[in-house]
Protein chains: 2
Amino acid sequence: MNIGQVAERTNLPAKTIRYYEDIGLVKPMRTENGYRAFRDTDLHKLTFLGRARALGFSIEDCRALLALYEDQSRASADVKRLATEHLVEIESKITTLQIMHDTLSTLVKSCAGDDRPDCPILKGLSSKEEIHRKNND
Amino acid sequence: MNIGQVAERTNLPAKTIRYYEDIGLVKPMRTENGYRAFRDTDLHKLTFLGRARALGFSIEDCRALLALYEDQSRASADVKRLATEHLVEIESKITTLQIMHDTLSTLVKSCAGDDRPDCPILKGLSSKEEIHRKNND
DNA sequence: GATAGGCATTCCAGCAACTGGAAGGTCAAG
DNA sequence: CTTGACCTTCCAGTTGCTGGAATGCCTATC
């Protein structure tokens, strides 16, 4: 199969697929004219990659997951460990964003948003202890 | 003030401060020996930048916020608009991460995590309709 | 056979926001 | 006068692509 069709089926841009080959995640064959020729296994791998990336796994995590996916004698514990670590990362990102959100949302609420220059948001950004006093996480 | 002291006071790495000068966010003076000489206003700006970055504003947003900060005749509405847009972005990131989290956490919970190869996480990554059936956001 | 389009190829550059390291200049202390 | 802690610049690398240029291939139509 040509890269265009693979792109369509996997919902990955052709550019991304070429990139994944570049970094060694897939190794499609080549036809005589130099075009990439993707087999079913390549398609499966790319689909797998697409899903793993959609769950926020890094490329290196994806590489490890792919190796486990291909290793029939893997231990599910190894997969679970990887996934759990990633889950913790996600949770920490959510926490960070939540704190940002709370702080900024407090500032936004306290701003009149009219044509006058007085602005609690700018004040909050320049001085520390103005509004941001309730998170001690 | 030298860059080292500014770094300490603003909690920004010296490298970052140099970078901010590079991209025109601050413009410290120079002493005869070529060292950067930061004034109080530079310090204020850098502190402001540190806070804005900590709230997740992009560098370009920071540039705009800084301009508003310096503009005594700004309209607070302009600040509020910027902040609100950013708030929406944060919310969308949280949503995305939350979905990732829910999906992955479901997968992780269903995995035994022992020395056997059978693994619902890998199954979930390779086939779609296995476990991931309850989000329709 | 010429040509036009829609594919495919490679390679190079750039995004954000730094970070690390090399090679070198400056300054204060001992 | 040397040591060590600063400071300087510049270049390269990080992550995960993405855009674009220059070029080649394939198929269809005139």
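Chain naming here is simple, since letters A, B, ... match the order of the sequence lines and numbering starts at 1 in each. The analysis underlying the following values was restricted to heavy atoms, covering all of them including side chains, and did not include hydrogens, waters or symmetry mates.
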Q. Could you give the CZ-to-C1' distance, from A:Arg30 to C:dT9, as a whole number of Å?
A. 8 Å
Q) Residues in side-chain hydrogen bond (donor to acceptor under 3.5 Å, both in side chains) with B:Arg53, at least two apart? A) none
Q) Can you name the ring-ring contact (aromatic ring centres under 6.0 Å, His included) partners of B:Tyr35, sequence neighbours left out? A) none
Q. With sequence neighbours excluded, what pairs up with B:Glu70 under the salt bridge (charged side-chain N to carboxylate O under 4.0 Å, His left out) test?
A. B:Lys45
Q: Mind grabbing the angle between the end helix axes of the helix from C:dG1-D:dC30 to C:dG30-D:dC1? Five pairs an end, 10° rounding.
A: 30°
Q.
Walk along nucleotides 16-29 of chain C from 5' to 3' and tag each nucleotide B, S or - by protein heavy-atom contact under 4.0 Å, base first, then sugar-phosphate.
A. -BBSBB---BBS--
Q | Atom-pair distance (CD on A:Glu21; P on C:dA8), nearest Å | A | 14 Å
Q | Terminal contacting nucleotides, 5' and 3', DNA chain D versus chain B (heavy atom, 4.0 Å) | A | D:dC6 to D:dC10
Q.
Taking salt bridge (charged side-chain N to carboxylate O under 4.0 Å, His left out) as the definition, give me every residue that meets it alongside A:Arg36, ordered by chain and number, with sequence neighbours left out.
A. A:Glu21
Q: Applying ring-ring contact (aromatic ring centres under 6.0 Å, His included), name anything that partners A:Phe57, two or more places apart in sequence or on another chain.
A: A:His86
Q: Determine the contact category for B:Arg18: base if any of its heavy atoms lies under 4.0 Å from a base atom, sugar-phosphate if only primed atoms, P, OP1 or OP2 are that close, otherwise nothing.
A: base
**Q.** For A:Ser105, all residues meeting side chain to side chain contact (heavy atoms under 4.5 Å, CB included), sequence neighbours excluded
**A.** A:His101, A:Lys109, B:Leu87
Q | Pairing residues for B:Arg116 by the side-chain hydrogen bond (donor to acceptor under 3.5 Å, both in side chains) criterion, not counting sequence neighbours | A | B:Asp114
Q: Would you indicate what B:Ile3 reaches in the nucleic acid, counting non-hydrogen atoms under 4.0 angstrom: base, sugar-phosphate, or nothing?
A: sugar-phosphate
Q.
Using the salt bridge (charged side-chain N to carboxylate O under 4.0 Å, His left out) criterion, which residues pair with B:Asp42? Sequence neighbours excluded.
A. B:Arg39
Q: Answer yes or no: does atom CZ of A:Arg81 have more than 12 heavy-atom neighbours from other residues, nucleotides or ligands under 6.0 Å?
A: yes
Q | Qualifying residues under salt bridge (charged side-chain N to carboxylate O under 4.0 Å, His left out), relative to A:Asp115, sequence neighbours excluded | A | none
